Amino acid sequence: MKVEHFLEKNEVREITIFKQLVLNNGILSYTKMLEHLSISKASLENDLESISSRMTVFDKQIQVLYDGQTIELKMSDEQSLQHIYRLYLNQSVKIEIINYLFKHKEFSITKLTQKLAISESSLFRKIKELNSHLKEFSLKIRNGQLQGEELQIRYFYFQFYYYIEDKTTLITSRSDNQITQAVHSLENFLQVTIVPENRQRLTIWLIISKSRVTNKDKKYKHLRKQMQPYVKDPLYHKVQVMVLRYYSRYSIEVDEEEAMLHFAFLLAFPILTEDDFHEYTLIRDRHAPIASLDTYIVETIIIHFKFRRPPYMLERDMYYHLTHIHTRLYFFHGDIEIYEYEEMIAREKQLVGKSLVPFARTLLTISTDKFMSIEVENNSLLKMELLKYISLLTLISFKMANVIQIGIDLKMDELYKETLSELLILKMRPINGIQVERYQPSKEYDLILTNDKPVEENHYEDARVYILSEILSSFDMASIQRVIQELHT
Amino acid sequence: MTDTKYIMSIDQGTTSSRAIIYDKQLNTIGSSQKEFTQIFPQSGWVEHNPNEIWNSVQSVIAGAFIESGVKPEQIAGIGITNQRETTIVWDKETGLPIYNAVVWQSRQSAPIASELYEAGHSEMIHEKTGLIIDSYFSATKIRWILDHVEGAQERAENGELMFGTVDTWLVWKLTGGKSFVTDYSNASRTMLYNIHKLEWDQEILDLLNIPLVMMPEVRSNSEVYGNTANYHFYGANTPISGMAGDQQAALFGQMAFEPGMVKNTYGTGSFIVMNTGETPQLSDNNLLTTIGYGINGKIYYALEGSIFVAGSSVQWLRDGLKMIENSSDSEALAKKSKNDNEVFVVPAFTGLGAPYWDSDARGSVFGLTRGTTKEDFVKATLQSIAYQARDVIDTMNKDAGIDIPLLKVDGGAANNDWLLQFQADILGTKVQRAHNLETTALGAAYLAGLAVGFWESMDEIKDMYEEGGTFEPQMPEEERQKLYKNWRLAVKATQVFKPEA
């Protein structure tokens with residue numbers, strides 16, 4: 001599910017116009033924009049007019065200027081694309097439907113059409129559209145209710161309020177003493193400290209849980225099955241006792257599965273700090289496949305990178321992130337794609353080279369095979385967890401990277417040599433873990449970039465030599481990155 | 001491919017855990033190693049987190065599988081070898097250790113050992129266990145834990161706590177809490193095991209107020225102790241079928257199956273173990289009597305002597321004196337020395353062990369002249385390793401009354417040809433280096449493989465032995481006697497030097 005799925009088609013187009021402008025230094029020709037959107041010039045003009053009228057709320061802090069030839073974005077430093085997204089989302093009917101469902105748990109068509117001031121047919125159409133996207137969460141809006149497994153419902157609401165809706169508003173309006181006490185109880189009972197950012201996540205989850213806890217006929221079939229191996233887990237045991245004690249304070253009778261819901265959430269999202277989590281990893285029960293999968297994947301990564309002795313803290317860090325990834329894959333399905341998947345993949349490839357992406361895919365396959373994950377059509381969770389694997393691998397390769405010394409030794413006219421060397425240095429600046437300079441014969445290098453093959457084989461001693469085909473060409477740049485990656489590992 | 005079977009050896013050492021997968025021809029198919037945290041709560045105390053040890057073992061199992069491509073179900077049996085004496089006490093119900101693992105080197109229970117000694121229990125304990133009272137062994141460590149963890153004594157008496165050395169802990173974890181066992185070799189290092197009657201000694205247990213109920217069942221070194229819980233072995237229920245403490249595993253790995261066979265592992269210190277056959281030989285010279293291994297219904301005893309400073313003296317040359325850059329440089333330098341072996345280094349940095357037992361002695365150097373070079377000094381340091389080994393082996397010979405036809409060697413310094421030639425010369429005995437120096441892991445693999453029929457018999461294993469070089473004594477007898485006499489003189493002089501504090 002994507003953020004855009006909460007918007008209407010024309011709204012998505014308008015957002016795309018902003019995105020394209022941001023990606024192109026704030027200015028784009030009509031031709032290029034039309035090419036990208038595949039619409040007529042008249043439709044584009046309509047969209048731009050709509051944008052202008054919407055942007056009035058920003059009081060000239062965000063403006064889109066267009067003259068039939070070019071489109072230009074003017075935006076003050078205090079504003080960003082996120083604010084524009086928020087504006088559109090605030091006006092979304094689909095979001096209002098989800099909000100209404102969360103607040104009232106069920107609705108009648110009459111009430112909702114009145115509340116949203118739309119026709120019945122429009123409401124049905126929007127619910128139908130929402131249902132097509134909720135499918136990957138195995139959820140459905142039916143008979144005025146959000147139906148599905150309780151864990152999936154809470155998980156969806158969590159994603160929705162954490163990533164889509166304005167979380168600050170939710171926390172301000174719904175958080176109360178009970179929620180604050182619940183956070184304190186958790187801290188005391190588990191003897192952990194929850195840092196502010198994680199506290200915000202936990203608060204949202206607890207608000208959702210509080211709203212859902214008294215619902216009747218909750219479904220737990222998948223959760224019960226997945227929790228079977230956790231019966232003896234020491235953390236689960238603590239959560240179980242804590243949940244029962246907490247709710248008994250308010251004379252609320254809860255299902256035994258309530259603790260399971262909290263346990264799954266606690267492990268799937270960064271709530272505990274790395275230190276606290278490490279304490280748990282030392283004692284966790286390995287009946288559940290997550291623990292052994294974490295170990296297996298960590299060792300696979302270590303062997304892949306040929307690390308002789310990865311730093312202890314890096315290994316701990318790997319466990320921390322991997323458990324979150326694996327817990328999500330184990331318990332949940334569906335996700336809200338807050339990042340543009342393809343764009344992220346392309347960006348990561350640029351940063352760390354192509355080889356990490358297929359390796360991340362291998363890791364994902366190992367995990368899903370191990371969990372025998374339920375096949376869910378268009379399961380965005382798989383995409384998002386793949387991105388997380390890639391990010392983790394990137395992080396590891398950065399942390400483990402030694403600084404590679406690179407010397408540029410161009411054989412050409414002195415003036416060209418100096419200029420092109422500087423340009424090459426400039427172009428390589430974003431690459432992590434390298435130090436580039438013009439070649440000095442007295443120094444030792446790991447890599448030499450030259451345009452002329454040296455006559456003697458050991459002219460550069462042990463340094464690896466890369467012969468440039470066309471200086472500054474994208475081919476050479478990609479090849480150099482590959483060589484750097486190889487040298488790092 | 002899936003029909004091919006392998007043996008996995010888990011070598012849980014003092015600083016790291018390793019897993020090695022062997023095929024039937026003893027080729028290493030895959031291996032993995034992981035270090036874990038050393039905890040030093042106070043000066044002289046060394047502890048490990050038992051769960052970190054356990055997690056490191058889980059990691060190396062995974063690493064060996066990934067590296068080799070072998071599937072868990074292809075493992076015919078698992079052999080475990082471990083750091084000995086290290087003591088773990090845990091809750092039977094929750095599986096959580098009640099205190100860190102107290103490591104063999106740790107001295108925190110030394111006052112308890114002193115009390116036993118002063119109360120006159122030395123002879124009784126030596127006779128029954130073959131050991132000399134020391135905090136090194138598990139007995140005083142258990143007492144220390146029961147004393148220092150609130151309510152532990154009561155819980156132990158109620159049968160709520162379990163004690164184990166690392167082998168017991170790992171088998172208990174790997175089998176999902178189903179097998180609570182140890183083996184003869186590890187039991188005989190606890191100072192609680194009667195090596196004659198082959199049972200936990202009630203008198204010593206009572207003396208230390210350790211409830212029998214917390215002790216594991218003692219089994220042979222080669223039999224199926226239980227199967228791995230599938231969630232602890234990546235999906236397979238594999239038999240754990242071999243177990244031995246590290247030095248005994250090395251003895252077995254060196255195939256020192258006959259009485260009189262001796263192995264020496266040159267590590268930081270040196271561990272020399274001699275197979276003394278089916279009757280225990282108590283030492284008159286403070287060597288330790290221990291169970292080497294028990295297999296096919298027979299028990300083979302051993303004498304054990306250790307040298308405190310062996311490889312660490314070469315580290316001292318490298319890190320302390322900066323005479324060499326790498327430990328491996330010592331061989332080339334020793335070869336360059338032109339003197340007539342008149343320099344003697346006595347590396348008694350922490351005192352002298354068997355047969356001198358002088359904890360107040362300190363290192364010394366003799367025979368220096370204006371012409372002494374760095375090469376001479378390095379050579380003398382290497383020679384000290386060999387001289388000390390002879391000290392122990394001579395003592396063993398005296399205690400057991402068995403001739404020693406061959407010394408089998410392994411460990412890091414066994415790669416040093418010059419050292420091994422000098423060792424053969426000074427002993428007047430053939431020295432044989434194993435081709436595969438990982439004899440500890442190999443020993444555990446043999447024990448495991450024999451129990452599950454992976455290898456049919458010890459004869460089959462013997463046929464597979466590959467030596468990595470034999471060093472025949474070449475030194476004239478007169479020269480040997482002269483040098484060793486001078487070494488004894490140097491040691492004597494070292495012992496005389498006791499300056500005022």
Side-chain angles (χ1 to χ4, degrees), chain A residues 228-238 241 275 277-316 318-320 322-323 326 330 359 362-363 365-367 369-372, chain B residues 15-19 21 30-39 48-72 90-98 100-101 169-170 172-178 228-236:
Chain A
Q228 267 170 16
Y230 276 110
V231 180
K232 286 184 180 168
D233 188 272
L235 181 66
Y236 172 57
H237 181 68
K238 278 187 179 177
V241 177
D275 272 349
F277 173 76
H278 176 69
E279 291 303 313
Y280 167 62
T281 56
L282 287 175
I283 56 165
R284 66 178 160 172
D285 194 312
R286 284 178 174 262
H287 272 84
I290 295 174
S292 55
L293 182 67
D294 289 348
T295 306
Y296 195 85
I297 295 286
V298 166
E299 293 308 308
T300 305
I301 293 171
I302 289 172
I303 288 170
H304 175 85
F305 282 107
K306 299 188 177 76
F307 293 148
R308 268 204 204 151
R309 198 183 292 171
Y312 181 66
M313 290 312 287
L314 176 64
E315 215 172 299
R316 273 177 53 164
M318 281 157 73
Y319 272 101
Y320 184 60
L322 285 171
T323 294
H326 297 152
Y330 183 72
F359 180 51
T362 307
L363 297 183
T365 309
I366 293 173
S367 305
D369 286 355
K370 172 90 180 170
F371 291 153
M372 291 181 285
Chain B
T15 56
S16 70
S17 301
R18 290 191 313 158
I21 297 175
S31 68
S32 179
Q33 182 162 8
K34 184 129 324 209
E35 289 178 10
F36 49 84
T37 317
Q38 304 290 316
I39 304 164
H48 295 153
N49 182 328
N51 279 316
E52 206 183 327
I53 290 179
W54 164 237
N55 280 344
S56 73
V57 167
Q58 284 283 294
S59 294
V60 294
I61 291 172
F65 281 137
I66 297 162
E67 200 198 64
S68 63
V70 169
K71 304 267 178 293
W90 69 95
D91 186 296
K92 193 178 187 174
E93 190 57 37
T94 65
L96 296 176
I98 63 163
N100 277 335
W169 170 244
L170 292 181
W172 193 79
K173 291 294 274 184
L174 279 166
T175 58
K178 284 193 178 149
T228 56
N230 58 3
Y231 49 88
H232 282 157
F233 203 63
Y234 300 92

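To find a chain, count down the sequence lines: A is the first, B the second, and so on, and within it residues start at 1. Values below: every heavy atom of this structure, side chains too, minus hydrogens, waters and symmetry copies. Note that the coordinates shown come from a computational prediction; the quantities given were computed from them, not determined experimentally.
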What part of B/T94 gets within 4.5 angstrom of chain A, counting heavy atoms only: side chain, backbone, both, or neither? neither
Heavy-atom distances under 4.5 Å only: say whether A/I303 touches chain B with side chain, backbone, both or neither. side chain
Under the side-chain contact (heavy atoms from CB on, under 4.5 Å) test, which residues partner B/K34, sequence neighbours left out? A/E299, A/I302, A/E315, B/S56, B/S59, B/V60
Is it true that, when you exclude A/H278 itself, more than 12 heavy atoms of the residues, nucleotides or ligands shown sit nearer than 6.0 Å to its NE2? yes
Contact part of B/Q33 toward chain A, heavy-atom cut-off under 4.5 Å: side chain, backbone, both or neither? neither
One should read off an interatomic distance between A/E279 CD and B/N51 CG, to the nearest 0.5 angstrom, of 10.0 Å
Positions in residues 229-236 of chain B that reach chain A, provided some heavy atom is under 4.5 Å away: B/Y231, B/H232, B/Y234
Quick one about B/N55 and A/R286 (side-chain donor to acceptor, distance below 3.5 Å, no hydrogens or angles considered), yes or no? yes
Identify the two heavy atoms, one from B/I66 and one from A/Y296, that lie closest to each other, and give their separation to 0.1 Å. CD1-O, 3.3 Å
